[in-house]
Amino acid sequence: MTTTDDLRAGAVLFTDLVGFTEYNESVGDRAALDVLDAQTAMATTVVDAHRGARIVKELGDGLMLWFAEPADAVAGASALLDAIDEARDGGAFPLPVRMGLHFGTVLPRGDDVVGQTVNIAARLSDLAGPGELLVSEAAIDAIDDGPPPPVCAVGPIRVKGLREPIWVHCVERTGEPA
C-alpha cells in the first residue's frame, strides 16, 4: 500500500516518435525495433548524465523518463532532441521525436511512477509537434538554480481530462528541428 509519505516531486518526460507506425509498416518489425533500440540508447546516455534520472519504461514507440530536478529534465530533453536531430541529419535515425514535460508529484509503483503529473506530461507529448518539447509552466517555475531555459509561451491549453487549462511553453532550440 502506498501512502502520501511515498509522494515524490520530480519531472516526467514523455517521448513519442512521429510517424513510427507508418515507418514500421514500410520497413518491417526488425528495422523498426532497431529504431526503438537507438532511441533508448540515446536516452540512456542522457539520463546517465543526470543524477536521479532514469528511463521509467518503454511505451510502444516512446519512452517515459524521470528526472529528480526540473532543470535536469529540460536540459536532458533538449540534449535528447539534439542527439536525435544529429542522428537524423547523419542518416542514422529516420524519425523526428516530440516530447512533453511536467513537474509535480508522483507515487512510486514498483519501478513505475503514477499520478496526475504523469498524465499531464503524456498529454503534452501528444500535443507537441515534430522536434518540439512542450513544457508546463509548473516545470519552468520549479527551476530554482540558474536561469530558466529559453521558452516561448504557447498559452493556456485545455488538456484532455483536466477541468482547467494549464500554461504551456515550447522550449526554444538553438537549431531548427529536423
Side-chain angles (χ1 to χ4, degrees), residues 10-103 106 111-113 117-136 139-140 143 146-152 154 168-178:
V12 175
L13 173 71
F14 276 89
T15 72
D16 178 57
L17 293 175
V18 180
F20 182 80
T21 302
E22 295 84 359
Y23 177 79
N24 193 152
E25 182 177 37
S26 70
V27 300
D29 292 339
R30 180 63 54 205
L33 179 60
D34 291 344
V35 171
L36 297 178
D37 289 344
Q39 176 187 218
T40 301
M42 286 184 269
T44 298
T45 299
V46 166
V47 299
D48 286 350
H50 298 282
R51 202 176 111 212
R54 68 184 177 95
I55 297 173
V56 176
K57 59 185 166 184
E58 298 180 51
L59 302 155
D61 61 42
L63 300 169
M64 179 177 151
L65 291 79
W66 166 263
F67 291 84
E69 297 296 328
D72 289 345
V74 173
S78 295
L80 183 54
L81 278 169
D82 290 345
I84 289 173
D85 284 351
E86 185 176 321
R88 289 188 71 219
D89 290 346
F93 198 82
L95 301 170
V97 66
R98 61 181 168 201
M99 298 182 185
L101 174 67
H102 183 58
F103 179 84
V106 297
D111 290 337
D112 200 356
V113 293
T117 297
V118 173
N119 298 336
I120 292 170
R123 298 292 185 226
L124 293 179
S125 176
D126 292 343
L127 295 171
E132 190 171 57
L133 169 58
L134 293 183
V135 180
S136 68
I140 299 298
I143 297 172
V151 295
C152 58
V154 175
V168 176
H169 301 272
C170 180
V171 174
E172 294 180 353
R173 309 217 18 236
T174 54
E176 289 298 311

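Computed from a prediction, not measured in an experiment: that's the story for all the values here.
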Residue pair [X] / [Y]: nearest heavy atoms and the distance that separates them:
{"X": "V168", "Y": "L124", "value": "CG2-CD2, 3.6 Å"}
{"X": "G76", "Y": "V46", "value": "O-CG1, 3.3 Å"}
{"X": "M99", "Y": "A128", "value": "O-CB, 3.5 Å"}
{"X": "G131", "Y": "P96", "value": "N-CB, 4.3 Å"}
{"X": "A11", "Y": "A73", "value": "CB-CB, 3.5 Å"}

Kindly indicate whether the side chain of L133, heavy atoms from C-beta on, has any atom under 4.5 Å from the side chain of L13. yes
State, yes or no, whether a side-chain contact exists between V97 and L81 at a heavy-atom distance under 4.5 Å. yes
Output yes when a side-chain donor or acceptor of T45 lies under 3.5 Å from a complementary backbone atom of A41, and no otherwise. yes
Go through the structure and list residues passing salt bridge (charged side-chain N to carboxylate O under 4.0 Å, His left out) with D37, not counting sequence neighbours. none
State the [atom1]-[atom2] distance between [X] and [Y], to the nearest 0.5 angstrom.
{"X": "R54", "Y": "M64", "atom1": "CZ", "atom2": "CE", "result": "7.5 Å"}
{"X": "I55", "Y": "D111", "atom1": "CD1", "atom2": "CG", "result": "13.0 Å"}
{"X": "I120", "Y": "H102", "atom1": "CD1", "atom2": "NE2", "result": "3.5 Å"}
{"X": "D85", "Y": "L80", "atom1": "CG", "atom2": "CG", "result": "9.5 Å"}
{"X": "K57", "Y": "W66", "atom1": "NZ", "atom2": "CH2", "result": "13.5 Å"}
{"X": "D29", "Y": "D34", "atom1": "CG", "atom2": "CG", "result": "11.0 Å"}

State which residue, out of T44, L101, V56, V47, fulfils the side chain to side chain contact (heavy atoms under 4.5 Å, CB included) condition with L65. V47
Between N24 and V35, does the side chain to side chain contact (heavy atoms under 4.5 Å, CB included) criterion hold? Intermediate values first, please. CA-CA 10 Å; N24 193 152; V35 171; over 6 Å; no
Can you give me every donor-acceptor pair (side chain of residues 14-22, partner residue at least two apart or in another chain, under 3.5 Å) with its distance?
unit_1: T15; atom_1: OG1; unit_2: Q39; atom_2: OE1; d: 2.9
unit_1: T15; atom_1: OG1; unit_2: L63; atom_2: N; d: 2.9
unit_1: D16; atom_1: OD2; unit_2: R98; atom_2: NE; d: 2.7
unit_1: D16; atom_1: OD2; unit_2: R98; atom_2: NH2; d: 2.8

With A83, which residues qualify under side-chain contact (heavy atoms from CB on, under 4.5 Å), at least two apart? M42
